[in-house]
Undergrad: 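Below you'll find the structure I mean.
Excluded from the calculations below are hydrogen atoms, water molecules and symmetry mates; all remaining heavy atoms, backbone and side chain alike, are included.
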Amino acid sequence: MYRQVIRATESWQGGAARRDCVFAEKDATLPGMQGLYIVQVILFFSFEHRGIDWSCALVRWFETIGDEPCPVTGMWQVKPEMNDDRKRCVSVINIDSIMRSAHLIPIYGNEYVPRNLKPSDSLLAFKGYYVNKYSDHHAFEIAF
């Protein structure tokens, strides 16, 4: 059996926060990335309502750039989704919609990366990211 750990913690091994990204299901009838969301998990929580336990995640949303993968890399591109106030879109999802972890690579552009940029801040620092379908064979199968 295969199991994956998705982390959402304020301090990882005594250091900075770690908040992993995941593929979340949007529409199971659509192929590949067309039927998926990319979100960053901020925290996991659960609650009981009318005798039912609900397991949820508070997430930051990413939206796709364009309708197809980058022709050069073959990877989809995403950017942070913003609301009308230019703040990151955050909401709650049921953890049943989470498929697996996702690996994002910054779209660096022509500027140098600041020396003081911490890995824990990298998902807040860039305007866009590649969805790395080459990170493992599972991602390759679903991020087309």
Undergrad: Does F44 belong to the same Ile/Leu/Val/Met/Phe/Trp/Tyr cluster as I93, with side-chain heavy atoms less than 4.5 Å apart forming each link?
TA: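 Same cluster.
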Undergrad: Do I95 and W54 come close enough that some side-chain heavy atom pair is under 4.5 Å?
TA: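 Not in contact.
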Undergrad: Is there a side chain to side chain contact (heavy atoms under 4.5 Å, CB included) between R100 and I6 once you walk through the steps?
TA: CA-CA 8 Å; R100 60 170 294 101; I6 299 168; over 6 Å; no
Undergrad: Below 4.5 Å, heavy atoms only, C-beta onward: do S97 and Y37 meet side chain to side chain?
TA: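 Result no, sub-4.5 Å side-chain heavy-atom pair not found.
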Undergrad: Can you find a pair of side-chain heavy atoms, one from K133 and one from I142, that are under 4.5 Å apart?
TA: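 No - every pair of side-chain heavy atoms lies 4.5 Å or more apart.
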Undergrad: List the atom pairs, with distances to 0.1 Å, where a side-chain N or O of residues 60-83 and a protein N or O form a donor-acceptor pair under 3.5 Å, not counting sequence neighbours.
TA:
residue	atom	partner	partner atom	Å
R60	NH1	Q40	OE1	3.0
W61	NE1	S91	OG	2.6
T73	OG1	M75	N	3.1
W76	NE1	F144	O	3.1
N83	OD1	D85	N	2.9
N83	OD1	R86	N	3.2
N83	OD1	K87	N	3.0

Undergrad: Does CZ in F140 sit with more than 12 non-hydrogen atoms of other residues, nucleotides or ligands closer than 6.0 Å?
TA: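 No, not enclosed.
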Undergrad: Between V90 and I42, is any pair of side-chain heavy atoms under 4.5 Å apart?
TA: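 Sidechains of I42 and V90: in contact.
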Undergrad: Please tabulate, for side-chain N and O atoms in residues 15-27, each donor-acceptor pair with protein atoms closer than 3.5 Å (sequence neighbours left out).
TA:
residue	atom	partner	partner atom	Å
R18	NE	D20	OD1	3.0
R19	NH2	E10	OE1	3.4
R19	NH2	E10	OE2	2.3
D20	OD2	R7	N	2.8
K26	NZ	Q34	O	3.4
D27	OD1	T29	N	2.9
D27	OD1	T29	OG1	2.6
D27	OD2	T29	OG1	3.4

Undergrad: Which atom names give the shortest non-hydrogen contact between S135 and A139, and what distance separates them?
TA: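 Closest approach of S135 to A139: OG-CB, 3.6 Å.
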Undergrad: Flag yes if V92 and I52 sit in one hydrophobic cluster, no otherwise; membership is Ile, Leu, Val, Met, Phe, Trp, Tyr, and two members link when side-chain heavy atoms are under 4.5 Å apart.
TA: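 Yes; tracing contacts between hydrophobic side chains, which count when under 4.5 Å, links both residues.
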Undergrad: What is the ring orientation for F126 with Y129, classed by angle as parallel under 30°, tilted 30 to 60°, or perpendicular over 60°?
TA: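 The rings of F126 and Y129 stand perpendicular, inter-plane angle above 60°.
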Undergrad: Indicate every side-chain donor-acceptor pair of residues 103-125 with a distance under 3.5 Å to a residue at least two apart or in another chain.
TA:
residue	atom	partner	partner atom	Å
H103	ND1	N132	ND2	2.9
S122	OG	P119	O	2.9

Undergrad: When hydrophobic residues are tied together by side-chain contacts of less than 4.5 Å, even through go-betweens, does M99 share a cluster with V131?
TA: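 Same hydrophobic cluster.
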Undergrad: Run the side chain to side chain contact (heavy atoms under 4.5 Å, CB included) check on F47 and S55 step by step: do they pass?
TA: CA-CA 7 Å; F47 62 94; S55 296; over 6 Å; no
